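Comments concern the structure below.
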Amino acid sequence: MFEALGSNRDRALLSLTVSNGARAAEVLGIRGCDVDWGNQQVRVIRKGTRAEQWLPASNSAFVWLRLYLAEIGGVAPADPLWVTLRRRRGEDGELVRVPLNYEALRAMLRRANAKLGTNWSMHDLRHTCALRMAADQDVSLRDVQTILGHTHLETTAEVYLVEEERHTVERVAEHLARLEEPKPPPAPVSTGYRAADLAVLFGDGVLGDQDLADGVLGDGVLG
């Protein structure tokens, strides 16, 4: 999907979304002042609650974001972060860049899907992010809930159930493979012991005169 995208803007948008699972409307609402370059975070307005929340983003997302902004000459702090790559004529006749809207975002995904023969959506990127976090043992269920902006923990738990079922199948498959592995032959019982001593222990022999004189059996232990 990443390779099928046609611009640094689209690559930045995809990298950002798949790293923090923000919804399409939340991503499109990011402004220039909502980017914290030092901490590699972006601020979004949560859908439904309208609450502001800072979300982390990957190193690669910020690399592509810098490349994209360098191409368009940057954006003002109060302006939308995502704009059209081509300038359009405004009301006063001047060529300007306009904010990227949801329909333009869908068109970008349609072009990439047409190349790949797929039908991926922004929600698939969010779901991929959720599954990656769920698979990390160092990320808790509450962490995933916070990043995804789920109101109810049960919604987040459904992601974990899907991921746990996948790992269960993998673990059972590994268990079955171990059962079919050839077993090494057991070590000979007589290893480290004299045959005469074993015969005495198991009642198949008698102590010789020399053994009685020595008063020992095996490695010096009295029988």
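On a predicted model such as this, the values are computed, not experimentally measured, just so you know.
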Original post:
Among pairs that include at least one residue of residues 5-52, which meet ring-ring contact (aromatic ring centres under 6.0 Å, His included), considering only residues two or more places apart or in two chains?
Top reply: W37-F62
Original post:
Taking side chain as C-beta onward, heavy atoms only, is H175 less than 4.5 Å from L179?
Top reply: yes
Subject >> D36: side-chain hydrogen bond (donor to acceptor under 3.5 Å, both in side chains) partners, not counting sequence neighbours >> reply: N39
**OP:** Sequence neighbours left out, what passes salt bridge (charged side-chain N to carboxylate O under 4.0 Å, His left out) with R97? Give chain and number order.
**Re:** none
Original post:
Tell me, which pairs form a side-chain hydrogen bond (donor to acceptor under 3.5 Å, both in side chains) where one or both residues lie in residues 61-76, sequence neighbours left out?
Top reply: N8-E71
Original post:
By side-chain hydrogen bond (donor to acceptor under 3.5 Å, both in side chains), which residues pair with T118, not counting sequence neighbours?
Top reply: N113
Original post:
What's the shortest heavy-atom distance between S19 and A57, and which atoms?
Top reply: OG-CA, 3.6 Å
Original post:
Do L148 and M133 touch side chain to side chain, with heavy atoms closer than 4.5 Å?
Top reply: yes
**OP:** Kindly compute the distance separating CD1 (I30) from CG (L13), expressed to the nearest 0.5 Å.
**Re:** 8.0 Å
Original post:
Any side-chain heavy atom of L65 within less than 4.5 Å of one from L16?
Top reply: no
Subject >> Candidate pair V27 and L81, rule side chain to side chain contact (heavy atoms under 4.5 Å, CB included), full reasoning >> reply: CA-CA 9 Å; V27 174; L81 179 64; over 6 Å; no
Subject >> Which residues share a side-chain hydrogen bond (donor to acceptor under 3.5 Å, both in side chains) with S7, sequence neighbours left out >> reply: D10
Original post:
Are the side chain of D124 and the backbone N or O of S121 linked by a donor-acceptor pair below 3.5 Å?
Top reply: yes
**OP:** Report the residues that fulfil side-chain hydrogen bond (donor to acceptor under 3.5 Å, both in side chains) with N59, sequence neighbours left out, ordered by chain and then residue number.
**Re:** Q40
**OP:** List the atom of Q53, the atom of L55, and the distance in Å for their closest heavy-atom pair.
**Re:** NE2-CD2, 3.6 Å
Subject >> Distance in Å, I147 CD1 paired with R126 CZ, rounded so as to fall on 0.5 Å steps >> reply: 10.5 Å
Subject >> Linked, directly or transitively: L85 and V96 (ILVMFWY side chains, under 4.5 Å) >> reply: no
Subject >> Atom pair OG1/CG of T146 and L141 - distance to nearest 0.5 Å >> reply: 9.5 Å
**OP:** Would you please name every residue forming a side-chain contact (heavy atoms from CB on, under 4.5 Å) with E52, sequence neighbours left out?
**Re:** R43, I45
**OP:** Give a yes or no on whether the backbone of W82 and the side-chain of R9 come within a donor-acceptor separation of less than 3.5 Å.
**Re:** no
Subject >> Hydrophobic cluster identity match, W54 and V139, side-chain contacts under 4.5 Å >> reply: no
Mind listing the side-chain donor-acceptor pairs of residues 99-111 below 3.5 Å, one per line with the distance, residues two or more places apart or on another chain?
residue : atom : partner : partner atom : Å
N101    : OD1  : E103    : N            : 3.3
N101    : OD1  : A104    : N            : 2.8

Subject >> salt bridge (charged side-chain N to carboxylate O under 4.0 Å, His left out) partners of R46, counting only residues at least two apart >> reply: E26
**OP:** Give a yes or no on whether V98 and V75 share a hydrophobic cluster (residues Ile, Leu, Val, Met, Phe, Trp, Tyr; joining criterion: side-chain heavy atoms under 4.5 Å apart).
**Re:** no
**OP:** Mind listing the closest non-hydrogen atom pair of C129 and V18 along with its distance?
**Re:** CB-O, 3.2 Å
**OP:** For the pair N20 (side chain) and P56 (backbone), establish whether a donor and an acceptor sit closer than 3.5 Å, ignoring hydrogens and angles.
**Re:** yes
**OP:** Just jot down the side-chain contact (heavy atoms from CB on, under 4.5 Å) partners of A4, sequence neighbours excluded, or say none.
**Re:** A112, K115, L116
